[in-house]
Structures are given as C-alpha cells and as structure tokens.
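Before any comments, here is the structure.
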Amino acid sequence: LTNARNFRNGLMIAMLALHPIRLKNFANFEIGRNFVEIDNQWWIVLSSAATKEARPDERRIDVMIASALTTYLQRYRPALARYTEQSGALWISSNDGRPMTYHGVAAAIERTTRIAIGVGISPHMFRTSAASSAAIHAAHNPHLATALLHHRDQHVTEENYNRASSLSAAT
C-alpha cells in the first residue's frame, strides 16, 4: 500500500505539472466519464457543465507520463482499491480503498511535495507555476498561459496567476 500510495501521489504531481487542471475537476476524475481512453491514449474530457468557464476542455495526457499512468491503472490503483466495490474514480484512497475526496487529494499533494522538496505545494500553485513558466519561457506566445489555464480573459491570468513580472524584477 505504501508503494501504491507513493506512486499515486507522484503521478498526481506529474499530471498537475503537465496539465494544471483546477483541483475540483482533478480530484473528481472518473475513468470513462471525464478521464477517457481514446485510440490507446488517455484524455481529460471536461464538459462545459464541469468547467468554471462553461466551455468544454479536452487535453490528451502527455506521452511523458503515459507509461506511468498505465502502471498506476494496472498495478497500483487495484492495490489501493483492495476488496472494496470498484469505483470509476481515478484517485483511490490508501486508507479505505474508496475514491479520494477533494481535501484528500490536496493534502496528498501538499504532503508529498513537502517530503520531496521541503516545501508543501498546493495544487493551485501548479496553475500559478504554469502561467509564470509560460510567460518566462514562451514570451513570444503571449496568450499561452491563458489557454493553458483555460481562461476566457487574459487579464484573469495576468492578475491572479502570472508571477513572471515579479521574478523578472527580482532578477
């Protein structure tokens, strides 16, 4: 169970780093509903009703973590579920084999980052990091962060997520 929990937590962090989805959606991924396999590739498929912007959001899971996702689904997720009734939830609790809650997912991510790097990082900070990284490393594509975070208005991204100007000033 410890290995399965650690693998799950590492996969959650990798997924948020590559796909900075809002925690509300991320914590509620359900296989076959909003986490779907299409042509042997996994996709995040959020309906307009499921997103804050009321627009559908579809993202293919990055190839860098595809094999880790397969390992989780085939080996570690069943170990976490143990003998409980199988749920379609992607994230399964190591405590009782049931779907993880919103707060359980957030706590697992913060605890794992604290152990790994000495600082607990909230799931929301992955969105801030993505926007800031896009602004710093892809300045030639000014609306990349807005698209990455699935915002309608670039000002929302700039005011609430992009910390690149603070980093540039500090440098």
Side-chain angles (χ1 to χ4, degrees), residues 6-78 80 87-93 99-110 112-113 116 121-164:
N6 291 341
F7 195 93
R8 178 205 64 207
N9 294 354
L11 180 61
M12 286 194 289
I13 290 166
M15 281 184 60
L16 278 176
L18 293 169
H19 308 288
I21 301 292
R22 283 186 176 84
L23 180 60
K24 172 188 167 202
N25 298 118
F26 186 81
N28 289 312
F29 281 158
E30 189 174 322
I31 299 167
R33 186 174 60 88
N34 53 19
F35 197 81
V36 183
E37 187 175 21
I38 302 170
D39 295 330
N40 295 318
Q41 296 181 349
W42 286 95
W43 286 75
I44 296 166
V45 180
L46 302 173
S47 69
S48 58
T51 65
K52 188 175 180 180
E53 307 78 20
R55 293 181 298 146
D57 185 2
E58 298 182 1
R59 304 167 189 232
R60 182 176 52 84
I61 296 298
D62 195 283
V63 68
M64 288 191 297
I65 59 172
S67 65
L69 178 60
T70 299
T71 299
Y72 173 72
L73 291 170
Q74 292 176 354
R75 180 176 177 189
Y76 293 115
R77 186 178 175 278
L80 291 167
S87 160
L90 181 62
W91 309 123
I92 302 295
S93 171
M100 292 181 74
T101 65
Y102 174 97
H103 296 292
V105 170
I109 291 166
E110 286 194 49
T112 302
T113 55
I121 299 174
S122 75
H124 187 73
M125 286 304 295
F126 284 86
R127 293 173 60 78
T128 300
S129 177
S132 300
S133 295
I136 292 169
H137 300 292
H140 60 282
N141 193 346
H143 303 293
L144 177 61
T146 302
L148 184 63
L149 298 184
H150 204 246
H151 289 152
R152 287 181 187 263
D153 185 349
Q154 71 183 23
H155 298 296
V156 171
T157 306
E158 293 302 316
E159 291 174 14
N160 300 297
Y161 292 91
N162 184 356
R163 303 292 184 259

### Query
Hey, is the main chain of Leu46 close enough, under 3.5 Å, to the side chain of Arg59 for a donor-acceptor pair?
no
### Query
Do the side chain of Arg8 and the main chain of Ile92 share a donor and acceptor less than 3.5 angstrom apart?
yes
Search all heavy atoms of [X] against all heavy atoms of [Y] and return the closest pair with its distance.
X	Y	value
Pro20	Phe126	CB-O, 4.0 Å
Ala108	Met100	CB-CE, 4.0 Å
Val105	Met12	CG1-SD, 3.8 Å
Ala106	Pro123	CA-CG, 3.8 Å
Met15	Ile65	CG-CD1, 3.3 Å
Leu11	Ala68	CD1-CB, 4.2 Å

### Message
Could you check whether Trp91 and Tyr102 have their ring centres less than 6.0 Å apart?
### Response
no
### Residues which pass salt bridge (Lys or Arg N to Asp or Glu O under 4.0 Å) with Arg60, listed by chain and number, not counting sequence neighbours
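Scan of Arg60 (salt bridge (Lys or Arg N to Asp or Glu O under 4.0 Å), adjacent residues dropped) gives none.
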### Those residues that, when tested against Glu30, pass salt bridge (Lys or Arg N to Asp or Glu O under 4.0 Å) (two or more places apart)
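So Glu30 forms a salt bridge (Lys or Arg N to Asp or Glu O under 4.0 Å) with Arg33.
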### Message
Evaluate Met125 against Thr113 for side-chain contact (heavy atoms from CB on, under 4.5 Å), listing each step before the verdict.
### Response
CA-CA 12 Å; Met125 286 304 295; Thr113 55; over 6 Å; no
How long is the gap from [atom1] on [X] to [atom2] on [Y], to the nearest 0.5 Å?
X	Y	atom1	atom2	answer
Leu18	Ile61	CG	CD1	8.5 Å
Asp57	His19	CG	NE2	11.0 Å
Arg22	Leu16	CZ	CG	13.0 Å
Asp62	Met64	CG	CE	4.0 Å

#### Entry: Ile44 and Ile21, any side-chain heavy atoms less than 4.5 Å apart
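Contact flag for Ile21/Ile44 side chains = yes.
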### Task
Find out whether Ser47 and Pro56 are in side-chain contact, i.e. whether some heavy atom of one side chain is under 4.5 Å from a heavy atom of the other.
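Heavy-atom side-chain distance check fails, nothing below 4.5 Å.
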### Query
Stepwise, does the side-chain contact (heavy atoms from CB on, under 4.5 Å) test hold for Leu73 with Leu90?
CA-CA 8 Å; Leu73 291 170; Leu90 181 62; 3.6 Å; yes
### Task
Could you walk me through whether Val45 and Phe35 pass side-chain contact (heavy atoms from CB on, under 4.5 Å), step by step?
CA-CA 6 Å; Val45 180; Phe35 197 81; over 6 Å; no
#### Entry: Candidate pair Ile13 and Ile109, rule side-chain contact (heavy atoms from CB on, under 4.5 Å), full reasoning
CA-CA 7 Å; Ile13 290 166; Ile109 291 166; 4.3 Å; yes
